[in-house]
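Taking it in order: structure first as structure tokens, then the write-up.
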Amino acid sequence: TQLLEQSPQFLSIQEGENLTVYCNSSSVFSSLQWYRQEPGEGPVLLVTVVTGGEVKKLKRLTFQFGDARKDSSLHITAAQPGDTGLYLCAGGTSGSRLTFGEGTQLTVNP
Amino acid sequence: NAGVTQTPKFQVLKTGQSMTLQCAQDMNHEYMSWYRQDPGMGLRLIHYSVGAGITDQGEVPNGYNVSRSTTEDFPLRLLSAAPSQTSVYFCASSYSVRGLRDEKLFFGSGTQLSVL
């Protein structure tokens, strides 16, 4: 079983601060996806990275896939209350399955 | 476009009861799947389907049955509910099976199930 470990599990910060969430595995993934989930809703895809070392930016969010395709990070610059939510990473393989991490619950306080 | 629709939103069962969680998608997606979400454990795959008539087990299939008679529908059946099945259940679909690693999963809004 391929495992993805996310850290930290919980993060509470003030508006305007920067933060980084990590997603690590001992396994190699062909792709890595990041989702955000709000209370009472299903996860929504933010980004997919597929190439080792790849960096993608989505406004104030920066996503990076590790060179060895075993880890990924999500960096948020100048966090806002609207960024509050559960952030999930998910690793893809050549099969029809995604392996999800446990999630990072982010709270941004005004 | 409704996307992925799950019913019911909430359900309370007694141990031993059976029920079916419904999932329908109107995007003509080949791939459909069921996940359960428990605190601190992320999303775990229960069953998935790569097309009508084809299903396979995921990471935690015990206690659950599925079938896929049409492209649109993918119901999840609990034959004899147990307290360990208390969880939030999500149905998800994706356009292409072959390119799943690059494909976007569309999730329903979930069913919160409590088994007493």
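Quantities reported herein were computed from a predicted structural model and do not represent experimental measurements. The sequence lines fix the lettering, A, B, ..., with proteins before strands; numbering per chain opens at 1.
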Shared ILVMFWY cluster between A:L58 and A:F65, side chains joined below 4.5 angstrom?
yes
Transitive ILVMFWY side-chain link A:W34 to A:L19, under 4.5 Å
yes
Donor-acceptor pair, B:K104 side chain versus A:V47 backbone, under 3.5 Å?
no
Can you tell me which portion of A:E41 sits under 4.5 Å from chain B's heavy atoms? Options are side chain, backbone, both or neither.
both
For A:Y35, the option from B:F106, B:F90, B:F107 that meets ring pair (Phe, Tyr, Trp, His ring centres under 6.0 Å)
B:F107
Answer yes if B:L21 and B:Y31 sit in the same cluster of Ile, Leu, Val, Met, Phe, Trp and Tyr residues linked by side chain heavy atoms under 4.5 Å apart, and no otherwise.
no
Segment of B:Y35 engaging chain A (4.5 angstrom heavy-atom cut-off):
side chain
Chain B: which of A:G103, A:P43, A:G42, A:G101 shares the most heavy-atom pairs with it under 4.5 Å?
A:P43
Hey, which of A:Q105, A:Q37, A:Q6 has the most heavy atom pairs under 4.5 Å with chain B?
A:Q37
Please output the side-chain donor-acceptor pairs of residues 81-91 of chain A that fall under 3.5 Å, not counting sequence neighbours, one pair per line with the distance.
residue: A:D83; atom: OD1; partner: A:R60; partner atom: NH2; Å: 3.0
residue: A:D83; atom: OD2; partner: A:R60; partner atom: NH1; Å: 2.9
residue: A:D83; atom: OD2; partner: A:R60; partner atom: NH2; Å: 3.1
residue: A:D83; atom: OD2; partner: A:Q80; partner atom: N; Å: 2.8
residue: A:T84; atom: OG1; partner: A:P81; partner atom: O; Å: 3.0
residue: A:T84; atom: OG1; partner: A:V108; partner atom: N; Å: 3.0
residue: A:Y87; atom: OH; partner: A:R36; partner atom: NH1; Å: 3.2
residue: A:Y87; atom: OH; partner: A:D83; partner atom: O; Å: 2.6

Answer with yes or no whether the hydrophobic clustering places A:L32 together with A:L61; edges join I, L, V, M, F, W, Y residues whose side-chain heavy atoms lie under 4.5 Å apart.
yes
Taking only heavy atoms into account, what residues of residues 108-116 of chain B are found under 4.5 Å from chain A?
B:G108, B:S109
B:K9 atom NZ, over 12 foreign heavy atoms within 6.0 Å:
yes
If you define the side chain from C-beta out and look only at heavy atoms, does anything of B:L45 sit under 4.5 Å from A:L98?
no
Give a yes or no on whether B:L76 and B:L43 share a hydrophobic cluster (residues Ile, Leu, Val, Met, Phe, Trp, Tyr; joining criterion: side-chain heavy atoms under 4.5 Å apart).
no
Please classify the contact of B:Q6 with chain A as side chain, backbone, both or neither, using a heavy-atom distance under 4.5 Å.
neither
If you count the non-hydrogen atoms of other residues, nucleotides and ligands that lie under 6.0 Å from CD in B:Q11, is the total more than 12?
yes
Return the minimal non-hydrogen interatomic distance between A:F100 and B:L105, and the atom names on each side.
CZ-CD1, 4.4 Å
